[in-house]
Amino acid sequence: MLKESELIMGLWKFSDKVPVDDLVALAQEWAKEDEKYLQLYVRKVSKDQYGIGFTYDAQGHDLKKFHDEYFYRVSDVLKRKFGNDLAGWDIASGVRVIK
């Protein structure tokens, strides 16, 4: 059985009103500012919506606490920037990486 990794992985979803170029620019900014992002990408999440997908390194931290701190910090920034155009998220820690 695979051990749970110390990663936070997920997807921030945005309404179709948010231009994909804005999301790409934001993901590029995050990549430059925070070395704990191991992976950042922008992809379609539904017919006309896009999202920012990520893998975030939580190694060496209390995973539950670090996950909650990450979620509240980033969701606050996104809610301030995009308001109701932050359409949702799917974020989890305790990931079991296969490959």
Side-chain angles (χ1 to χ4, degrees):
M1 180 174 234
L2 291 172
K3 180 181 175 195
E4 286 188 357
S5 68
E6 294 178 312
L7 298 174
I8 302 169
M9 296 180 80
L11 185 67
W12 297 102
K13 302 174 186 179
F14 300 87
S15 84
D16 60 355
K17 296 175 191 168
V18 178
V20 69
D21 290 341
D22 290 358
L23 299 178
V24 169
L26 180 58
Q28 289 172 333
E29 181 182 316
W30 287 354
K32 288 178 187 171
E33 292 177 353
D34 192 340
E35 64 187 26
K36 289 193 174 288
Y37 280 107
L38 303 176
Q39 184 179 56
L40 279 160
Y41 57 92
V42 174
R43 72 167 179 89
K44 258 190 170 182
V45 295
S46 68
K47 183 180 177 190
D48 296 321
Q49 294 178 316
Y50 283 84
I52 298 175
F54 67 91
T55 303
Y56 198 80
D57 183 4
Q59 190 171 5
H61 298 276
D62 173 284
L63 191 55
K64 169 72 171 122
K65 182 179 177 188
F66 198 73
H67 174 273
D68 291 347
E69 289 171 356
Y70 171 83
F71 174 78
Y72 292 120
R73 176 176 48 85
V74 176
S75 64
D76 184 59
V77 167
L78 294 175
K79 287 174 187 174
R80 290 174 191 268
K81 184 172 181 82
F82 296 102
N84 290 335
D85 288 329
L86 173 62
W89 50 82
D90 181 358
I91 299 171
S93 55
V95 177
R96 293 176 192 230
V97 177
I98 308 302
K99 181 177 178 181

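These numbers come from the heavy atoms of this one structure, side chains and all, not from hydrogens, waters or symmetry mates.
Tracing side-chain contacts under 4.5 Å through hydrophobic residues (I, L, V, M, F, W, Y), one never reaches I52 starting from L7; they form parts of separate clusters. Cluster annotation: V95 is connected to L38 through the hydrophobic network of ILVMFWY side chains, with a link wherever side-chain heavy atoms come within less than 4.5 Å. Both W89 and Y72 are members of a single hydrophobic cluster when ILVMFWY side chains are connected at heavy-atom separations under 4.5 Å. Transitive grouping of hydrophobic side chains (ILVMFWY, heavy atoms separated by less than 4.5 Å) keeps M9 and V74 in distinct clusters. W30 and V18 fall within a single hydrophobic cluster, where Ile, Leu, Val, Met, Phe, Trp and Tyr are joined by side-chain heavy atoms under 4.5 Å apart, directly or via other members.
Taking 4.5 Å as the limit, every side-chain heavy atom of D85 sits out of range of all side-chain heavy atoms of F14. Contact check for Y50 versus D22: no side-chain heavy atoms found under the 4.5 Å cut-off. W12 is listed as a side-chain neighbour of S75, based on a closest heavy-atom distance under 4.5 Å. Using a 4.5 Å cut-off on side-chain heavy atoms (C-beta onward), V42 and L26 make no contact. Counting heavy atoms from C-beta on, the side chains of E33 and E29 come closer than 4.5 Å.
Annotation: R80, atom CZ; neighbour count of heavy atoms from other residues, nucleotides and ligands within 6.0 Å does not exceed 12. Atom CG of N84 has 12 or fewer heavy atoms from other residues, nucleotides or ligands within 6.0 Å.
Looking at every heavy atom in both residues, G94 comes nearest to L63 through N-CD2, 3.6 Å. Counting all heavy atoms, side chain and backbone alike, L11 lies closest to V45 at CD2-CG1, 3.4 Å. Residue S15 comes nearest to A87 through the heavy atom pair N-CB, 3.8 Å, listed as atom of the first residue, atom of the second, then distance. Of all heavy-atom pairs between D57 and F66, the closest is O-CE2, 3.8 Å.
Y37 and Y70 have perpendicular rings, their planes meeting at more than 60° on a 0 to 90° scale where under 30° would count as parallel.
The backbone N or O of K47 sits less than 3.5 Å from a side-chain atom of K44, completing a donor-acceptor pair.
From Q59, atom CD reaches atom NZ of K36 across 8.0 Å, with rounding to the nearest 0.5 Å. A distance of 13.0 Å separates OH in Y41 from CG in L23, rounded to the nearest 0.5 Å. Taken from CG in D48 to NZ in K17, the straight-line distance is 12.5 Å, to the nearest 0.5 Å. Rounded to the nearest 0.5 Å, atoms CD (E6) and CG (D62) are 10.0 Å apart. The CD1 atom of I8 sits 11.5 Å away from atom CZ of F71, with the distance rounded to the nearest 0.5 Å. I91 CD1 to K13 NZ: the interatomic distance, rounded to the nearest 0.5 Å, is 10.0 Å.
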